[in-house]
Amino acid sequence: MESVTNPPFRKICKRYGVDVLISEFISSDALVRKIDSSCRKMCFGEEEHPIGIQIFGNTESSLREAAEYAAGTGCDFIDINWGCPVRKIAGKGCGSGILNDIPKMVALTKSVVDAVSLPVTVKTRLGYSDEDKPIVDVAERLQDVGIEAISIHGRTRSQMYKGNADWTLINEVKNNPRMKIMVFGNGDIDSAEKLVEYKKRYNVDGILIGRAAMGNPFIFRQCKQLLAGKEKTDATIQERVDVCREHIAGLKSYRGDRYALLEMRKFYGGYFCGLSNFKPYRIRLVTADSYEQVEEILSDIEEHYF
Ligand SMILES: Cc1cc2nc3c(=O)[nH]c(=O)nc-3n(C[C@H](O)[C@H](O)[C@H](O)COP(=O)(O)O)c2cc1C
């Protein structure tokens, strides 16, 4: 996830039990031009395996070249993003914009499969518009050109993030007798209980958790606990503060103080979700303008909530 699954946060998620990690999405055009900020997104640590590098683009030459370059990092698979709904991406025919042109989607995917010896996977949505959701056919066609797994977010491009994710079509893809590759479901999983229920109900090979993990990597531990038939444990306040500190420190050494300060703002709500009367602390955290101030607020939180 863009600006979320960078190395410091992935490291934490891994420790909490994630099975498979995927990089932020990376522009294939930018990789071809060796743009620093994009190349840096391909960095990962040894402990992160299995990890996929996710690329997006809309031309055969850039996608092929980017895939070859990404494969050279030693990652375990290449994931193609055919799911991003954001206008500046989809409007150019990248991400979920390609769902307007399925033959091109299939051809571009095949060119990536042919370009690298690593497994290639695809992340996509049900379709472009709410009137046409061709995912069952699309999944088969992508399988036929050689992808090894498909992750499906149960929304259309037009839906963006509105409404509820529809998992019934994901289930149809999985139950299609012609499908042999792994089918992963995605959309609106916000608790370990829901993950367990959806895994069973929709019969998928795996589940991707997005927004609910932001500031809540503990959800992966809880999922693992429930899947193993154990009781789930909630993170203590001390654990939340400690992991939040670790996350900030990681971002700081990854990209510097300013970056850490700004990027962390979207995580505080998750780290401290459910704490009573937390709002004043949250406001202080998201308006803090130095790393030292953040440290001070975290100490205040520790003191206040213990
Ligand atoms: C801030 C943000 C960044 C995202 N970046 C990516 C991305 O780079 N690649 C991708 O495949 N999906 C990306 N997504 C979509 C999520 O992976 C996921 O498909 C979507 O949020 C639905 O799952 P959820 O309900 O579990 O969040 C992003 C979502 C958000 C909110």
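Remember, it's 1-based here, ligands and their atoms both numbered in the order they're listed. What's counted below: heavy atoms across the whole structure, side chains too, no hydrogens, waters or symmetry copies. Counting begins at 1 with the first residue of the sequence.
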Give the single entry among Q54, H153, E2, K41 that approaches atom 9 (N) of ligand 1 most closely by any heavy atom. Q54
Return the set of residues passing ring pair (Phe, Tyr, Trp, His ring centres under 6.0 Å) with Y202 (not counting sequence neighbours), or none when no residue passes. W167, Y198
Tell me, do F9 and Y254 make a side-chain contact under 4.5 Å, heavy atoms counted? no
Would you mind telling me if ligand 1 is within reach of the side chain of R211, the backbone, both or neither, using heavy atoms under 4.0 Å? both
Heavy atom of A212, distance to ligand 1 below 4.0 Å: no
Would you mind listing every salt bridge (charged side-chain N to carboxylate O under 4.0 Å, His left out) that reaches into residues 31-43, with sequence neighbours excluded? E2-K41
When you check the side-chain N and O atoms of S28 and E65, is any donor under 3.5 Å from an acceptor? no
Would you please indicate yes or no on a ring centroid separation below 6.0 angstrom for F218 and Y16? yes
Do K194 and D188 meet the salt-bridge criterion of a basic N to acidic O distance under 4.0 Å? no
A student comparing I207, I152, N164, N186 should find that the heavy atom closest to atom 19 (O) of ligand 1 comes from N186
What I want to know is whether G210 and ligand 1 share at least one N or O pair that is separated by under 3.5 angstrom. yes
One finds that the ligand 1 atoms under 4.0 Å from a non-hydrogen atom of N81 are 9 (N), 10 (C), 11 (O)
So, N186 versus S151: side-chain donor-acceptor pair below 3.5 Å or not? no
Option nearest atom 6 (C) of ligand 1 (shortest heavy-atom distance, choices E24, K266, M1): M1
Can you check which of F25, Y161, W82 brings a heavy atom nearest to atom 14 (N) of ligand 1? Y161
When distances are taken from atom 16 (C) of ligand 1, the protein heavy atom at minimum range is K123 NZ, 3.8 Å
Under 4.0 Å, heavy-atom basis, I'd like to know which part of D188 is in contact with ligand 1: side chain, backbone, both or neither. both
